[in-house]
Number of protein chains: 2
Amino acid sequence: MTEPTPLAPAQLAAYFALTEVASLLQHAVEQQLRTDGGLTTPQFQILARLNATGGRLRMTDLADGLVYSRSGLTYQAAQLEKRGLVSRTPGADDERSVEVTLTPAGRDVLGQVMPGHVELVQRLMMTSLSDTDIAALNDVLGRVRDHMRTAPPRSAAPRAAKRA
Amino acid sequence: MTEPTPLAPAQLAAYFALTEVASLLQHAVEQQLRTDGGLTTPQFQILARLNATGGRLRMTDLADGLVYSRSGLTYQAAQLEKRGLVSRTPGADDERSVEVTLTPAGRDVLGQVMPGHVELVQRLMMTSLSDTDIAALNDVLGRVRDHMRTAPPRSAAPRAAKRA
DNA sequence: TATTGTTATACTCTATAACTATA
DNA sequence: TATAGTTATAGAGTATAACAATA
């Protein structure tokens, strides 16, 4: 009775398929970003997020949606600043905060990277998908994402066994 | 004319949803594996793969499907051997090879970890999915996976810009 | 006191290249 | 010569905890 309901074979297959697709995709993307722009995935995510939101964000807002700890974000921001792709300035209104700004050089690198990135996603992921498939993915994965964002992170995990 | 066809908004959304779900899931799984069994994700993958294939595999066969470089696999196998979860012995037929065997202790740790793992996947991913959804995921992601496995890894990536 | 961000530290993972040994 | 695996090395990423400064 302490056993959770086992995963049905179809559920297992879906879980594995998701895992494997994401892993293969991430690997290919990493390679492409490094080759085309000398960027790591987290660095690209930061630049892309900045670009998508007007080019300037506070550290805290930048962290939203990204997986980082604060120190991890500080580290990545420092890397990007070293390369001149981003600048950090004290926040205008709140003196505690730091505003991260995408520099022209940062935009250039994004411009260098995006075509290959789009092409890669097209070729790897979209080639075998119809519009209907894509709508289905959006529907299903969108629901999973919303649920995951809502779900209690970890404390609710029941009956953790003692360490080995 | 050098620009690839841009991703349609629905395609972008599907790409992001996949990325985000996988990232959140992976993060939660890492946490669970560490808490319940002191395992990292790659270590768990190795143990699970061994368990699923009868408990014994050559290093090379073990590497199949996992992303590692050979040295990376050696490293992980060494970690697992230190903890006694796995043993390494010279190959029976081919003296060059090494056979990795899941030990009883290794099975125990898997047993400690699996219930929480299944429960997590149930709670995070399956809660919001109907049987139809799961079938759709298998269909769509299965096709993407097959295509990715087939696709030319990287050399075919066109027009890489010079580094920044 | 709570929040924003940085720093110090330590650890895990990964990859490349050089190397050993067997086929 | 090719294959199986290890080792040495070096670098990148991440997290935790302690810290400084502002709200």
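All values below were derived from every heavy atom in this structure, side-chain atoms included, with hydrogens, water molecules and symmetry-related copies excluded. To find a chain, count down the sequence lines: A is the first, B the second, and so on, and within it residues start at 1.
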Test side chain to side chain contact (heavy atoms under 4.5 Å, CB included), reference Arg143(B), set Asp139(B), Asp146(B), Leu141(B), output is Asp139(B)
Contact class for Ser97(B) vs. all strands (heavy atom < 4.0 Å): base, sugar-phosphate, or nothing?
sugar-phosphate
Report the C-alpha separation of Phe16(B) and Arg145(A) in whole Å, then their side-chain angles, then the decisive distance to 0.1 Å, and conclude whether the side-chain contact (heavy atoms from CB on, under 4.5 Å) test is met.
CA-CA 10 Å; Phe16(B) 286 157; Arg145(A) 181 197 54 208; 5.8 Å; no
Closest approach of Leu73(A) and Met59(A), non-hydrogen atoms and distance?
CD2-O, 3.3 Å
Short heteroatom pairs, N/O only, protein and nucleotides 20-23 of chain C, under 3.5 Å:
residue, atom, partner, partner atom, Å
dA23(C), OP1, Glu95(B), N, 3.2
dA23(C), O4', Arg96(B), NH1, 3.4

Counting the atoms with a prime plus P, OP1 and OP2 as sugar-phosphate, which does Gln76(B) contact under 4.0 Å by heavy atoms, base, sugar-phosphate, or nothing?
sugar-phosphate
So how far is it from Glu30(B) CD to Leu39(B) CG, rounded to the nearest 0.5 Å?
12.0 Å
Atom CG of Leu39(B) and atom P of dC11(C): how far apart are they, to the nearest Å?
19 Å
CG/Leu124(A) to OG1/Thr150(B) distance, rounded to the nearest 0.5 angstrom?
10.5 Å
Under 4.0 angstrom between Thr40(A) side-chain N/O and dG13(D) OP1 or OP2:
yes
Close N or O pairs between protein and nucleotides 7-11 of chain D (under 3.5 Å):
none

Rounding to 0.5 Å, atoms CD1 (Ile46(A)) and CG (Leu85(A)) come to a distance of 11.0 Å
Drop me the distance from Met125(B)'s CE to Leu18(A)'s CG, to the nearest 0.5 angstrom.
5.0 Å
Looking at His27(A), I'd like to know whether one of its side-chain N or O atoms comes within less than 4.0 Å of OP1 or OP2 on dT14(C).
no
Assess the residue pair Ile134(B) and Gln11(A) against the criterion (side-chain contact (heavy atoms from CB on, under 4.5 Å)); give the C-alpha distance rounded to whole Å, side-chain angles, the decisive distance to 0.1 Å, and a yes or no.
CA-CA 6 Å; Ile134(B) 289 171; Gln11(A) 290 180 318; 3.5 Å; yes
